[in-house]
Structures are given as structure tokens and as C-alpha cells.
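A short worksheet on the structure shown next.
From a predicted model like this one, the values you see are computed outputs, not experimental measurements.
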Amino acid sequence: MSETASKALGAPDANRWKALVFIALAQLMVVLDATIVNIALPSAQQDLGISDGNRQWVVTAYALAFGGLLLFGGRIADLWGRKRTFVLGLAGFAAASALGGAATNEAMMFGSRALQGVFGALLAPAALSLLAVMFTDAKERAKAFGIYGAIAGGGGAVGLILGGFLTEYLDWRWTFFVNIPFAMVAAAGAWFVIREPEGGRNRSPLDIPGVILSTLGLVALVYGFTRAESDGWSDSVTVAMFVASVVLLAAFVAVEAKVKAPLLPLRVITERNRGGIYLSLGLAIIAMFGLFLFLTYYLQVVKGYSPVRTGFAFLPMIAGMITGSTQIGTRLMTRVAPRLLMGPGFLVAALGMLLLTQLEIDSSYTALLLPAMLLLGLGMGTAFMPAMSLATQGVEPRDAGVASAMVNTSQQVGGAIGTALLNTIAASATTSYITDHIAGATSRSQQQLVQLEGMVQGYTSAIWFAVGILVAASAIALTFVNAGRPGGTTVVGSGEGAKEELAVPVVVH
């Protein structure tokens, strides 16, 4: 193909596959961090003298900064350039991780986690939008997003393994320090390898009212769910946070509809495919985050697994996600419509979740947990891959950062909701079971058995809700997502009337 023809088709940079390595490495670091710290939390709490009431802030400080600033981070990537924002995010994340690893008191720890969230909010949308603008050929895009989707889905479980190793054999501080080499390699590689396509910047002035309203609205929403988990749904501050969130986000939508250069152009979310993806992804993450939490506790508390063994127990789910994303999703993405991967994918995951409703104290890992995790991984991997790709496909280059930020926002808010909602359901069912059965337990061993049975009863009650949530995600994907198969086309323009031109076929080995 001639150079002129290549340019006409928006041919991507020759280094795009090398760039994918560094983008994937950065994404892995961010996803790892979400679970790796959970494993280290008990040790860090003891060392730094953090009270039980305050320990949630190790997780909450990160979640609030990350979730609240994602839209702003996406817009900054569109304004400054994705490569520059990506490298800055990596450098800041590394510095914040060094601060966390060196923490000597709880204030230093909470501050470092909030800073990690701030730089993560710059890094995550920039990474996804770089993929969106660098991979425009349908088959190459499918392969790139297959790899990215596998990391986004499976990285959390890898974090459990790595967190277990570092905490058990080294020290909890290494769960922070381990980010530094990741970030340095990814930043150096990105700086020398990534060549961002020209003309994709959005140089409009920053929408300050939109930034303030969206940040405060998302922070109130995430904090409301986080507080509901610890203080209950009827707590006055919890209710006030939810009310404030609704008011602030409604005001945000009203402002975005009127300003000349909105932070989140409403065309990004009102297009039915993207709207359906943000909604179904958010629901799927609600189910997944709750499950990670329950299975970790089930394996460690009920089954008595060590942190390292618990991490390895999640390996089949990672294998399923990688297979679903890179083998099933990538191979079928250019042959069938995205909804025919997303809808069945979420249903297969729901089937895996359904198996887990049969959990009991003495359930066999091989007979029950293993097939359930494989189905969950396969289903989620197959569904996530086309969702990640389609969420940024066809958007105008100037909106790529903010469209990517919406993917991350739906996941972050979904994670906060999932942890709080399913935890509350589980805790309520556990309390109810123990209250009903503890009277019949006369010896200490019988009482301990009732408590363990109560925990498992709580998990299975919450998992039933997760099954329903995944079925709803499948229904939304099948109903809203109506895009045709992207095979043989290259997306060169954008918006709702995205132009598509024939591309030279690319053989994917």
C-alpha cells in the first residue's frame, strides 16, 4: 500500500505494538494496586497504629481521589496530549507509592493513597485513549483491546498473589515500592516509543464549573457507598452524601448541556452503544468486586488458606479471563456484532456465579470453585474485550480521553457500589442466620461452627444478587448495543456519524 493511501486510511504508527507493552504495563500497575494493598492492610494497620475505625481510609482515600477526578483526568489528557499526561501520571504514581512505602504514621499513609488516586486518575484515561487513537484498524484494534481487557480483568487477581508473596515473605511496604519499577519502565518506554497521532487535541478552555460539579458529585457518590458499608444505609451522613451526589450530578448535566466547551460532551454518553456499555460494565464490576471480597474471606477465614495460597486459588479466573479476552473475544470481534459477545459473555459469568450460590463450609475447591472461576473468567474476558474497544470506537479524537475516562468511571463507581451493597447484604444475612441458630449451639466449637455457617450463608445470599446483576448487564448489552461487526473497517472519523472506510486486511497470527 502506498504511503499516501496509508495516510488516507489513518494508518497507525509503526511503534504501536511496542507502545502497547508499556501501556499494558501501566494498566497492570494501576489494577494491581487496587487489590495488592488489601492483602497488606492488616500488617500496615498494626505497624502504623491505625485504628479499626480509620483503616478504611487506606482504601477510601484512593477511591475518592481516583473516582472523583477521572473525568477531569480524561479532559486533561485531551487538552495536554495523552502521551504527556500518561508519563506525568506514571511519575506521580511512582512518587506517591514511594511515600506510601515510607509512611511512618496514618496521616502519611492516607495522604500517599490520595495522591496515588490523583495520579491514577490522570494515568488510566490517558492509557485507554492512547490505545483508542493508535489502533484504528478493526483487526489490530481487536487484538490490542483483547490484551488490555485481559489485564484490566485479571490484574486484580494477580494483585492478590503478588500482595500475598510480598506481605508474607518480605514486608507490607513492598506492596507500595513494587509500583516504582513498573512506573519507571512504563514511563521511559512510553516517552521514547509512543508517537501520538497529530490533530487529536482538544484545546478548548477548561470547563471549570463542570470540573467542580463532576468531582464533588462523584466524590459524594463514592463516599456515600463507602460509608454505607461501615455505618449503614440509614446513617444521616450516608443519606446526605447520596442526596448531595444526585443534586451535584444533575447540576453537572445541566451545565454540560449549555456550555460551549463541556468537560463531558453529552454526545459521548447519549450515543446508545456507549451508554449501554458504560451501564453494563458498571453492573458487571459491581458483581465482580463483591465476589473478589467474598472469595478472599471464604478461602482465608473459612478454609484457612494462607494469603499466597489464596492468590493462587484465583489463577483459574485469570486464565479464563485471558482466554476469553485474547482468544474468544479477539478472534470473534471482527466476525460478529459486539452485543453477541457481551450478552452471552455476561450470561456465562452469571452461570459461574450461580455455581457459587452452592458454597458450603466444606465445599470442594476442585468440584465447585474451580469450574465456577473458569466460567466467570471466560465470560468476563469475552464480554470486557469488545466493551473496552467499542466504548472508544467512533468518538471524535478530541473526545477520546473523556470517553476513556467514562469507562474507568463506570468501573470505579461500580466497584464502590459492589463492595458496599453486596457487603451489606452479606452482613445482614450472616447476622440473621447466627441470631436464629446460635441458641442451639451449646459448646464453643458448635458456636464457632454456627458463625462460619453464618458467614457462608451471608456470602451465598449476596452472590444470588450478583447473579441477578450479571443477568441485567447481559440484558442491557443485548438491548442497547446495536453496533454491527467492525470487521474490515477502519474508524477514521467520529462522533455519532463516524465515518468508516475500507481497510487493507491485516492477518492476525
Side-chain angles (χ1 to χ4, degrees), residues 31 35 146 149-161 280-299 302-303 305 310-333 336 338-360 363-388 411 414-415 418 422 426 456 459-478:
V31 178
T35 49
I151 289 168
V158 176
L160 294 171
I161 299 172
S280 59
L281 264 186
L283 286 171
I285 292 290
I286 288 175
M288 283 300 287
F289 261 65
L291 183 76
F292 270 140
L293 190 72
F294 298 144
L295 282 186
T296 303
Y297 275 104
Y298 174 79
L299 291 169
V302 179
K303 289 294 207 182
Y305 283 24
T310 301
F312 275 108
F314 279 98
L315 274 178
M317 192 185 292
I318 300 173
M321 279 182 176
I322 291 170
T323 304
S325 192
T326 62
Q327 299 305 308
I328 302 171
T330 300
R331 290 174 188 274
L332 295 180
M333 177 72 183
V336 301
R339 71 172 183 274
L340 298 180
L341 289 172
M342 290 176 65
F346 288 137
L347 282 179
V348 169
L351 185 60
M353 202 74 88
L354 189 64
L355 285 179
L356 291 174
T357 60
Q358 306 307 305
L359 266 186
E360 292 174 358
S363 289
S364 159
Y365 177 84
T366 312
L368 182 69
L369 288 163
L370 179 64
M373 284 195 190
L374 281 171
L375 285 171
L376 271 161
L378 274 173
M380 285 296 193
T382 303
F384 268 45
M385 187 260 140
M388 292 278 187
Q411 290 178 303
L422 296 180
V456 176
Y459 301 155
T460 55
S461 299
I463 288 169
W464 272 111
F465 273 85
V467 171
I469 290 167
L470 281 173
V471 171
S474 173
I476 287 166
L478 288 168

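- Closest non-hydrogen pair, Ile476 versus Leu283, comes out as CD1-CD1, 3.4 Å.
- The heavy-atom pair separating Ala313 from Pro316 by the smallest distance is O-CD, 3.3 Å.
- Note: Leu359 CG to Tyr298 OH = 5.0 Å, rounded to the nearest 0.5 Å.
- In this structure, CG on Leu281 lies 9.0 Å from CE on Met380, to the nearest 0.5 angstrom.
- Separating the CE atom in Met288 from the CD1 atom in Ile469 is a distance of 12.5 Å, to the nearest 0.5 Å.
- In terms of heavy atoms, Glu360 sits closest to Val456 at CA-CG1, 3.8 Å.
- Rounded to the nearest 0.5 angstrom, Leu351 CG and Leu356 CG are separated by 10.5 Å.
- Taking both residues in full, the closest heavy atoms of Gly343 and Ala477 are given as N-CB, 4.2 Å, listed atom of the first, atom of the second, then distance.
- Ring geometry for Tyr305 against Tyr365 counts as tilted: the plane angle lies between 30° and 60°, on a 0 to 90° scale.
- Between the CG atom of Leu422 and the CD1 atom of Ile463 there is a distance of 9.0 Å, given to the nearest 0.5 Å.
- The nearest pair of heavy atoms linking Leu470 to Phe346 is O-CB, 3.8 Å.
- Qualifying side-chain contact (heavy atoms from CB on, under 4.5 Å) partners for Ile328, counting only residues two or more places apart in sequence or in other chains: Leu332, Leu378, Thr382.
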Q) Please walk me through it: do Thr323 and Leu374 pass side chain to side chain contact (heavy atoms under 4.5 Å, CB included)? A) CA-CA 10 Å; Thr323 304; Leu374 281 171; over 6 Å; no

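- Closest non-hydrogen pair, Arg339 versus Pro344, comes out as O-CD, 3.6 Å.
- Rounding to the nearest 0.5 angstrom, the gap separating the CG atom in Leu376 from the CE atom in Met321 is 7.5 Å.
- Taking the side chain as every heavy atom from C-beta outward, Leu369 and Leu295 approach each other to under 4.5 Å.
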